[in-house]
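Quick note: numbers below take in every heavy atom, side chains included, and nothing from hydrogens, waters or symmetry partners. Source: prediction; values computed, not measured.
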Amino acid sequence: MNEELCPCGSKKTYALCCEPYIRGEKNAPTAEALMRSRYSAYVKAAFEYVYDSYHPRTKQHFTLEAIKEQSAKIHWLGLTVSDKKNGSVNDKSGTVSFTARYEMDGKTQNLVEKSFFSKEKGRWYYINGETQFTTTAKSDKVGRNDACTCGSGKKYKKCCGKI
């Protein structure tokens, strides 16, 4: 068995943590598990899983190619979950707040997000999130008309902030 630690920061092996969700062997049992597995999928370049885990009503705003393109310049460095509300096995909705550290264009940055999830027919989906991007110690909210921080060259409102 592969003893590689899971990128999500759980301190479990990848094979016993996020990999079964990403491979489609089972559904994430909680909103937090889905959020962690989406982060791991970004790290592992399993973009089909990222795309498939969007809620059907928000998925229309994304394409698999756009997710791949936005992720091409990003090197993920770590994930810290800071808060969660609801989102357990018996809930129908939940929120998870986290900070994902990454490097892009030679700068270490943080993605701070409060993510919203919904459970339908026994499966958790990512709906959207309230996002802040920071570089090192500076904290600025991204304006809708600012250039998107993913490096696409588009305005934030037409790219990652489209929801």
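Glu103 CD to Gln109 CD: the interatomic distance, rounded to the nearest 0.5 Å, is 9.5 Å. With rounding to the nearest 0.5 angstrom, the CE atom of Met104 is 12.0 Å from the CG atom of Leu77. Rounding to the nearest 0.5 Å gives a distance of 8.5 Å between CD of Glu130 and OG of Ser97. A distance of 8.0 Å separates OG of Ser53 from NZ of Lys59, quoted to the nearest 0.5 Å. Atoms OG1 and CD, from Thr99 and Gln132 in turn, are 9.5 Å apart once rounded to the nearest 0.5 Å. Going from atom CG of Leu16 over to atom CG of Leu5 covers 11.0 Å, rounded to the nearest 0.5 Å.
Not a single side-chain hydrogen bond (donor to acceptor under 3.5 Å, both in side chains) links Ser10 to another residue, sequence neighbours left out. In this structure Arg101 satisfies the salt bridge (charged side-chain N to carboxylate O under 4.0 Å, His left out) test with no other residue, sequence neighbours excluded. Annotation: salt bridge (charged side-chain N to carboxylate O under 4.0 Å, His left out) contacts of Glu32 (sequence neighbours excluded): Arg36, Lys84. Judged as a ring-ring contact (aromatic ring centres under 6.0 Å, His included), and not counting sequence neighbours, Tyr21 has no contacts. Listed by chain and number, the residues in a salt bridge (charged side-chain N to carboxylate O under 4.0 Å, His left out) with Lys68 are Glu65 (sequence neighbours excluded). With sequence neighbours left out, the ring-ring contact (aromatic ring centres under 6.0 Å, His included) criterion links Tyr125 to His55. Take Lys44 and apply the salt bridge (charged side-chain N to carboxylate O under 4.0 Å, His left out) test, not counting sequence neighbours, and it matches Glu4. Residues that satisfy the side chain to side chain contact (heavy atoms under 4.5 Å, CB included) test with Lys85, not counting sequence neighbours, are Thr95. Applying the ring-ring contact (aromatic ring centres under 6.0 Å, His included) criterion to Tyr49, with sequence neighbours excluded, gives no partner residue. By the side chain to side chain contact (heavy atoms under 4.5 Å, CB included) test, Asn86 is found to be paired with Asp91, residues two or more places apart in sequence or in another chain being considered. Take Ser115 and apply the side chain to side chain contact (heavy atoms under 4.5 Å, CB included) test, not counting sequence neighbours, and it matches Phe98, Glu113, Phe117, Tyr126. Applying the side-chain hydrogen bond (donor to acceptor under 3.5 Å, both in side chains) rule to Ser93 yields no partners; only residues at least two apart in sequence or on another chain are considered.
By the criterion of side-chain heavy atoms lying less than 4.5 angstrom apart, applied directly or through intervening Ile, Leu, Val, Met, Phe, Trp or Tyr residues, Leu64 is grouped together with Tyr39 in one hydrophobic cluster. Tracing side-chain contacts under 4.5 Å through hydrophobic residues (I, L, V, M, F, W, Y), one never reaches Val112 starting from Leu79; they form parts of separate clusters.
Dense packing is recorded around CZ of Arg123, with more than 12 heavy atoms of other residues, nucleotides or ligands lying under 6.0 Å away. Counting non-hydrogen atoms of other residues, nucleotides and ligands closer than 6.0 Å to NZ of Lys12 gives a total of 12 or fewer.
When side chains are defined from C-beta on, Asp83 does not count as touching Val96, because their heavy atoms never get closer than 4.5 Å. The shortest distance between side-chain heavy atoms of Arg57 and Ile127 falls below 4.5 Å. Side-chain atoms of Ser71 and Phe47, non-hydrogen and from C-beta on, do get closer than 4.5 Å to each other.
In this structure, Tyr14 and Pro20 approach most closely via the heavy-atom pair O-CD, 4.1 Å. Nearest heavy-atom pair, Val50 versus Ala41, reported as atom, atom and distance to 0.1 Å: CG2-CB, 3.7 Å. Summarising the geometry of Phe116 relative to Gly129, their closest heavy-atom pair is CD1-CA, 4.0 Å, with the distance given to 0.1 Å. When all heavy atoms of Pro29 and Trp124 are compared, the closest pair comes out as O-NE1, 3.1 Å.
For Ser40 (side chain) and Ser37 (main-chain N/O), no donor-acceptor pair under 3.5 Å exists by modelled atom type.
Using bins of under 30°, 30° to 60° and over 60° for the plane-to-plane angle, the ring pair Phe62/Tyr54 lands in the parallel bin.
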